[in-house]
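In each ligand, atom 1 is the first atom listed, and ligand 1 is the first ligand listed. Values reported hereafter were calculated over all heavy atoms of this structure, with side chains retained and with hydrogens, waters and symmetry mates removed.
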Amino acid sequence: MNLNALSYSDLTELRSLAERVARDAGTHVRNLREKGVTVAAAKSSPVDIVTLGDQAAEQIIVAELRDWRHSDAILGEEGTNRAGASGITWILDPIDGTTNYFYNQPNYCVSVAACVADTSYSEGYRAVAGAVYVPTSAELFSAAAGLGATLNGKKLRINEAAPLSESLIATGFGYSAKKRARQAEVLLEVLPRVRDIRRSGSAAYDLCALAAGRLDAYYEAGLKVWDYAAAELIAREAGATVTGAAAAGVISSKPGTPLLIAGPAETVKALQPLLPALK
Ligand code: LIP
């Protein structure tokens, strides 16, 4: 399945379903959080946790998608990996910003992306429709390819490019101490050259904040496809350039390769030389 094979009504149907399931799962995990939080497991490190909320959200989303789109494939951060025959793969981050959820901080979200295969993307998937729901603010970000991006139905547009020294930049850090040390070294190069840094704890939230003009650019290394699949489409549909690391001056078109950078094209170009160590 490629993007050109999808009609306007296909794209709007996929977007509406992504919006509905993201909001349903987000509402559930917010209600669950008010009763407390339970860590179910740890993954790549003792602080890379999965809560019962992550698992419940993924179960809710998968159940709804199987009802409405039974021939689609599904890939979820918490273990879902269902084959499909339609050419559409749903890529889910049931709670992006799990650490924020654990500490009852506001910036956690549910990310749901309807994707097609695309080898120009580092993990082989590109979203054609998607939604990111932030339960604590009831903000529903969504987009469909070529149809723009919205926040609660209102059209989104990124900020005009500012000089790097006046740009508010978001980034994030991995779970391994070795990776965080390298990311901190790169931050030493970036911080003196920009307006300021923000670290929300959720890649999906950061890319949606970029789309909404709350940030000027975002970069992060080591993301997984579910972290960025829906939100990079939302950012792109709001006018952002989203790409990977520069290789010998060439901007790779593979977002999500060790490094993802998003923002106005000029800002992305200005940021790239500062980020070579983020492999
Ligand atoms: C999070 C990412 C965030 C990154 C965090 C974490 P999770 O995903 O969205 O950008 O900086 O370390 O990886 O683990 O909350 O789904």
Side-chain angles (χ1 to χ4, degrees), residues 22 25-26 29-30 32-33 37-58 61 75-80 91-113 122-123 127 130-136 139 141 169-184 186-187 190 197-211 214-215 217-235 240 242 244 255-263 275 278:
V29 296
R30 180 164 190 188
L32 204 56
R33 186 64 189 80
V37 62
T38 305
V39 176
K43 294 187 285 193
S44 64
S45 83
V47 295
D48 182 3
I49 57 174
V50 187
T51 70
L52 292 182
D54 294 83
Q55 294 174 335
E58 187 155 314
I61 298 167
L75 177 64
E77 180 178 15
E78 305 318 340
T80 304
I91 297 184
L92 319 174
D93 194 335
I95 298 181
D96 190 53
T98 297
T99 302
N100 291 337
Y101 184 73
F102 180 66
Y103 282 90
N104 214 7
Q105 293 225 7
N107 288 333
Y108 62 87
C109 44
V110 176
S111 176
V112 178
S122 59
E123 294 184 79
V132 172
Y133 182 63
V134 186
T136 52
E139 291 182 315
F141 296 86
I169 309 292
T171 190
F173 309 111
Y175 286 110
S176 86
K178 188 166 168 239
K179 194 181 283 187
R180 292 162 74 83
R182 190 167 65 244
Q183 290 166 332
V186 171
L187 192 57
V190 174
I197 288 285
R198 292 291 182 269
R199 196 292 196 245
S200 79
S202 162
Y205 179 78
D206 286 336
L207 283 161
C208 290
L210 169 66
R214 300 174 186 169
L215 292 169
Y218 163 71
Y219 74 88
E220 185 160 355
L223 296 176
K224 297 283 185 280
V225 62
W226 39 71
D227 292 323
Y228 66 79
E232 77 89 18
L233 173 68
I234 292 164
V242 184
T257 41
L259 177 61
L260 183 148
I261 316 174
L275 309 175
L278 284 173

Got [X] and [Y] here, is their nearest side-chain heavy-atom distance under 4.5 Å?
| X | Y | value |
| --- | --- | --- |
| Leu233 | Val242 | no |
| Tyr108 | Thr136 | yes |
| Tyr103 | Val37 | no |
| Tyr205 | Asn100 | no |

Without hydrogens or angle criteria, can the side chains of Thr98 and Asp54 be said to hold a donor-acceptor pair below 3.5 Å?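 Yes, a side-chain donor-acceptor pair sits under 3.5 Å.
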Do the side-chain N and O atoms of Ser200 and Asp206 include a donor-acceptor pair separated by under 3.5 angstrom?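 Yes, a side-chain donor-acceptor pair sits under 3.5 Å.
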Residues in salt bridge (charged side-chain N to carboxylate O under 4.0 Å, His left out) with Lys43, at least two apart?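 Counting only residues at least two positions away or on another chain, Lys43 forms a salt bridge (charged side-chain N to carboxylate O under 4.0 Å, His left out) with Glu77, Glu78.
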How would you list, by chain and number, every residue that makes a salt bridge (charged side-chain N to carboxylate O under 4.0 Å, His left out) with Arg214, sequence neighbours excluded?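 Arg214: salt bridge (charged side-chain N to carboxylate O under 4.0 Å, His left out) contacts with Glu139.
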Give the residue, atom name and distance (to 0.1 Å) of the protein heavy atom nearest [atom].
| atom | result |
| --- | --- |
| atom 8 (O) of ligand 1 | Asp96 OD1, 3.1 Å |
| atom 10 (O) of ligand 1 | Glu220 OE1, 2.8 Å |
| atom 6 (C) of ligand 1 | Tyr175 OH, 3.4 Å |

Using heavy atoms and a 4.0 Å limit, tell me yes or no: is Lys224 in contact with ligand 1?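 Outside the 4.0 Å threshold, so no.
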Does ligand 1 have any atom sitting under 4.0 Å from a heavy atom of Ile95?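 Yes, that is the case, since the closest heavy atom of the residue is under 4.0 Å from the ligand.
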Enumerate the atoms of ligand 1 whose separation from the nearest heavy atom of [X] is less than 4.0 angstrom.
| X | result |
| --- | --- |
| Asp227 | 8 (O), 9 (O), 16 (O) |
| Ala203 | 2 (C), 3 (C), 9 (O), 10 (O) |
| Glu77 | 16 (O) |
| Phe173 | 4 (C), 5 (C), 11 (O), 12 (O) |
| Gly172 | 11 (O) |

Does an N or O from [X], backbone or side chain, lie closer than 3.5 Å to an N or O of ligand 1?
| X | answer |
| --- | --- |
| Ser202 | no |
| Ala204 | no |
| Gly174 | no |

How long is the span from the OG1 atom in Thr51 to the CD1 atom in Ile95, to the nearest 0.5 Å?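 It comes to 4.5 Å.
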